[in-house]
Amino acid sequence: MSGFLASEVMRAALGPATLIAVVASSMSVMVLAHRLAFLTVGVSHATLAGLGIAVVLSLPLLPTAAVTAVIVALLLGVISPQRGMNEDAATGVLFAGAMALGIVLLSGASRHEVDLFGLLFGNILTISEQDKFWLLCGSLPVLAALFWAARPWWAMAFDAASMRAMGLPVQGYRLLLYAVVGLTVVMCVKLAGIVLTAGLLVLPAASAWLWGRGLLSMWLISLALSLAGTWLGLYVSYVFDLPSGATVVLLLCAVFLISRSAHWLVHHRKAGQSH
Amino acid sequence: MTPPALRLNHVSFGPRQARILDGIDLQLEAGHFLGIVGPNGAGKSTLLHIICGLLQPSEGHIDLFGECLSRGSRRRLLGQIRFLPQRQESMSSMPVKVRNVVAMGLEDYHKALWHPARHGERIAQALERTGMAAQAEQDFRSLSGGQQQRVRLARALVSSPRILLLDEPAAALDARAQASLYRLLRELCDEAGMAVVMVEHDIAAISDYVNSVACLNRRIHHHAMRGEMIPEQVWRDMYGEHMHIVAHDAHCIGCAPDQHANEHHENGHPANGQPAPVPHADRQETSE
């Protein structure tokens, strides 16, 4: 452990990774409640288009990717079944189209301009000071929006029609949620990459889902599991020299499996005692 | 003179050549329990959506408590209505405590991260009213379908609405849970003076509890008050060749057995030209 903490690279990565874990796990509760897991996959892959545009036009990577992700997420938010296409199909279309655009744009870039492996699978160990700044700039609005809209989002996930009838501007809150999910996806790309980002946004709440009894408990459990998975993942990746993003996601998968198994055991035992 | 709680003035919805609702006129006093029946696609849910402001009528207007529902009065007036839509699958998978489900019905729920302590009493009262006080701390997912529906009703009642709209609230409930729910709605009308509009498919199930039944299929074919007979032609207009199924049920459930004998053929179909009655709502069940 002392070697891990003594490593300058790891120390530099720990703070941003912790911030990503906090933001991702907080939003993961809403992602699961609103069944947006596939949307996060779609938006994360669509950010490749943003990264491609940033490389071609020499723009900063993270802000350009963030704008692209938010636009894609909002586009998905305004496409409703009434307009002849459901969200699932729209996500598939935008995901494929934006990813293809990103690949075409990046194909002309040199290896020095873009670290494709890092983009696809994440590399928090190479985070720059500028990345840290943009990460903070992206995380603060996500957390502020979550603080402000957590309750309406939660109630909408439970029963959107009733909330609309009560006068809640459901469509406005929905678009805000999509935009914030889009922004969160980009925050996660540095740690888990385009391919694995959905893991950070789904696994923490999925592990907490069976144990939570409400919004607050769901958030707290999700946060604790996410932090544990991220820190342990970084440590394991350091000790065994593994890719950090993939190791963190693998650890979160392990947490998910343990959570499900423990829940099954607890209920199995309770059922056994009641018979 | 107290104005009616709800008045629909020639309300239509949909394009002129293919109306979903056409010229609906309805009036509802406080304490009145109205059942709306009709076949699939009759516009029943659409009507509820128009009343609670989710849809705008293409023609006509709505008066609530004697005031026309307009852009200016909309928020204030609709705040006195609560709508219980059909159940969604997502509800039964959400990790939410029962008392927190009820809290979602509070007017200022979405304005704060925590609700003030005074709301705790209102939540408790709503749960008490629906017989779910003992389950307040339970996980909503662990409740039966009937209990979940009662909790949703408590959520609608926590803000003390003057009008309650329900879209097939008894769908997927067994007969006992259905009767218990309808009885509770009847009590709300009688004791709290709440006006209730409930969409149901099964007239037989609701006829003991409602004050009147509106037969809807794009337009109101008939609005039968308590004890009034529904002409056979109304069933025929609404259900076509399948009319005997609905008319037969309505006849049997609401009437005493000897009355059926006089008004039915041997095969149980309503006698030709004999209207089916909407039975009186004074029969009370004593227990679930």
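Residue numbers begin at 1 in each chain, while the letters A, B, ... track the order of the sequences.
- Note: A/Phe158 CZ to B/Asn100 CG = 10.5 Å, rounded to the nearest 0.5 Å.
- Here the CE atom belonging to B/Met104 is positioned 11.5 Å from the CG atom belonging to A/Leu168, to the nearest 0.5 angstrom.
- Taken from CE in B/Met94 to NE2 in A/His34, the straight-line distance is 7.0 Å, to the nearest 0.5 Å.
- Atom CG of residue B/Leu106 and atom CZ of residue A/Arg151 lie 8.5 Å apart, to the nearest 0.5 angstrom.
- Remark: B/Glu67 CD is packed, more than 12 non-hydrogen atoms of other residues, nucleotides or ligands lying under 6.0 Å away.
- Residue A/Arg164 places its CZ atom among 12 or fewer non-hydrogen atoms of other residues, nucleotides or ligands, all under 6.0 Å distant.
- With 3.5 Å as the limit, one finds no donor-acceptor pair spanning the side chains of A/Ser162 and B/Arg152.
- Atom CG of A/Asp159 is separated from atom CG of B/Leu84 by 7.5 Å, given to the nearest 0.5 angstrom.
- The backbone N or O of B/Glu137 sits less than 3.5 Å from a side-chain atom of A/Arg213, completing a donor-acceptor pair.
- Residue A/Trp153: no heavy atom, backbone or side chain, is found under 4.5 Å from chain B.
- Distance NZ/B/Lys97 to CG/A/Leu216: 9.5 Å, rounded to 0.5 Å.
- Counted within 6.0 Å of CZ on A/Arg260, heavy atoms from surrounding residues, nucleotides or ligands total 12 or fewer; the atom is thus considered open.
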